[in-house]
Amino acid sequence: MKKYGKMLIVDDSENTLHVLRSWFCDHFNHIDCEKNPNLIPSYISRMRYDVYIIRMNYKSGVHNGNEGIYWMNRVFELQPGAAVILVSANGNVETAVRAIKEGAVDFLLKPLSKETIHEAVFKACRSTRSDIRVAAKKAYDRRKPGVNIIGSSEAIKKVLHQVEKIARTDANVLITGENGTGKELVARAIHKASHRASGPFVSVDMGSITGTLFESELFGHTKGAFTDAHEAKAGRFVMADQGTLFLDEIGNLPLEMQPKILSALQNRQVVRVGSNEAVHVDIRLLTATNMPLDRMVREGGFREDLLYRFNTISIHVPALRERKSDIRPLFHYFKEKFESRYAKKCLEVKAGVFEKLESWHWPGNIRELEHAVEKVVIMCENGAITPDDFIFNLNGNAVLASGMESLNLEENEMRIINKAIVSCSGNLSQASRVLGITRKTLYNKINKYGI
């Protein structure tokens with residue numbers, strides 16, 4: 001019997017998870033089952049799956065499929081070209097058409113039959129990676145004709161003008177800016193407007209990769225190259241072939257890895273761990289950082305020749321406090337996004353909200369604004385958002401108004417992490433030392449809380 005690779009099943013029904021696992025356990029080497037869709041990013045951070053089965057609706061009484069579509073799009077962001085099958089107990093023709101248009105390889109109605117879901121899954125697995133990637137790319141193009149950089153301030157217009165000019169070339173680009181300003185969004189905009197737009201966009205968070213796994217993650221490895229290397233793996237350079245490789249938080253690249261990165265960029269080829277054979281790659285490199293690379297070069301923490309290789313052209317993304325006229329459109333964008341996600345009706349925005357938002361200096365930038373809007377949408381009960389729903393404290397983060405000091409452990413952990421990042425001027429390596437945790441743990445918590 002042919003065995004496939006890895007599968008992730010996400011459904012809030014324990015019975016469904018049990019049945020699907022039993023139906024596929026003889027056909028897949030690895031199956032993960034999860035009831036909570038919010039954990040999908042953490043699963044993908046650990047491994048890539050050959051097929052995803054995701055339920056569309058999780059909230060009682062909600063049947064519009066928005067949650068499933070949202071989580072499918074998150075999968076696409078984290079794993080370009082993924083094969084996603086959406087499942088619903090309350091679907092109709094319109095829902096099915098929407099699911100396929102958004103990029104699902106199939107849409108199935110409950111109750112599921114073993115034959116039907118076997119056919120859908122095996123068909124997805126038999127498709128070549130390029131076939132799936134092209135289909136997902138076409139669906140993405142239909143869904144979103146342009147990368148959604150929101151704002152009309154002079155500061156953001158300057159960035160968009162630079163993107164338009166730079167995208168036409170294959171030059172390496174270094175994107176600088178504070179945490180939360182949208183550096184990855186700018187990178188995606190460059191890719192989207194380039195001649196490589198039909199190829200993959202592969203994003204790598206350099207701060208979240210364990211030091212011992214850097215070479216394997218970036219260049220790949222052969223089966224048996226080291227303990228737990230049970231199968232061969234293509235690295236991120238190879239995955240980005242014919243497309244764009246985006247290395248985020250490049251300042252966290254270990255010094256011992258820098259010569260290998262430089263060699264890969266100069267020779268346009270990589271060697272997998274456990275192999276002596278060079279693999280040619282054709283990529284366009286984009287990098288981003290919030291760290292002072294020039295100072296790191298002077299202090300011996302970053303190679304000067306590698307910085308020159310990264311920094312053919314640079315783009316600086318302005319902080320939100322430098323483009324306050326964009327707060328209003330950003331607020332509306334996030335409000336509509338979270339109204340859809342949490343099944344809230346159109347919430348009224350009371351007078352004084354924008355004046356209060358524009359008076360804050362937003363040390364966490366757009367990410368902080370997004371997090372603040374999400375909280376007020378979740379907690380809104382009277383159908384209206386008021387200025388009093390936002391309280392800004394001296395720790396540098398926006399918090400939801402409450403009648404008493406919160407004793408919630410996660411809220412306080414998030415507050416402390418925010419305070420540490422602000423006090424360290426956005427230097428995450430320094431913040432992790434202040435907090436007494438590893439840099440990888442800090443990145444995991446930043447992703448968890450959306451800081």
Can you confirm whether [X] sits close enough to [Y] that some side-chain heavy atom of one is under 4.5 Å from a side-chain heavy atom of the other?
X	Y	result
Ile40	Val10	yes
Asp294	Arg298	yes
Thr181	Ile366	no
Val376	Phe338	no
Leu293	Leu174	yes
Leu265	Leu306	yes
Ile261	Arg303	no
Ile69	Leu86	yes

- Task: Please step through side-chain hydrogen bond (donor to acceptor under 3.5 Å, both in side chains) for the pair His30 and Asp32, ending with a clear verdict.
- Result: CA-CA 7 Å; His30 183 94; Asp32 282 326; 3.0 Å; yes
- Of all residues at least two apart in sequence or in a different chain, which pass the side chain to side chain contact (heavy atoms under 4.5 Å, CB included) check with Thr441?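 Counting only residues at least two positions away or on another chain, Thr441 forms a side chain to side chain contact (heavy atoms under 4.5 Å, CB included) with Ile437, Thr438, Lys445.
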- Item | side chain to side chain contact (heavy atoms under 4.5 Å, CB included) involving Ala187 - partner list, sequence neighbours excluded | Ile175, Phe201, Phe246, Leu286
- Query: Where the side chain of Lys335 meets the backbone of Leu347, is there a donor-acceptor pair that is under 3.5 Å apart?
  - Reply: yes
- Message: Given 3.5 Å as the limit, does a donor-acceptor pair link the side chain of His191 with the main chain of Val202, or not?
- Response: no
Those residues that, when tested against [X], pass ring pair (Phe, Tyr, Trp, His ring centres under 6.0 Å) (two or more places apart):
X	result
Tyr49	Tyr52
Phe310	none
His316	none
Phe331	Phe354

For [X] and [Y], which heavy atoms make the closest approach, and how far apart are they?
X	Y	answer
Phe302	Gly251	CE1-CA, 4.5 Å
Ala167	Ile190	CB-O, 3.6 Å
Met206	Leu247	SD-CD2, 3.9 Å

So does [X] have more than 12 non-hydrogen atoms from other groups sitting under 6.0 Å from [atom1]?
X	atom1	answer
His161	NE2	no
Gln266	CD	yes
Lys337	NZ	yes

Hey, what do you get for [atom1] ([X]) to [atom2] ([Y]), rounding to the nearest 0.5 Å?
X	Y	atom1	atom2	value
Leu245	Met239	CG	CE	9.5 Å
Leu357	Leu369	CG	CG	6.5 Å
Asn172	Ile166	CG	CD1	11.5 Å
Glu249	Met291	CD	CE	8.0 Å
Arg323	Leu330	CZ	CG	5.5 Å
Arg268	Asp282	CZ	CG	7.0 Å

- Message: I'd like to know if Glu164 pairs up with Arg168 as an ion pair, taking the criterion as any Lys NZ or Arg NE/NH1/NH2 lying under 4.0 Å from an Asp or Glu carboxylate oxygen.
- Response: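 Arg168 and Glu164: salt-bridged.
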- Message: Side chains of Ser153 and Asp326 only: does a donor on one sit below 3.5 Å from an acceptor on the other?
- Response: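 Per modelled atom types, Ser153 and Asp326 side chains form a pair under 3.5 Å.
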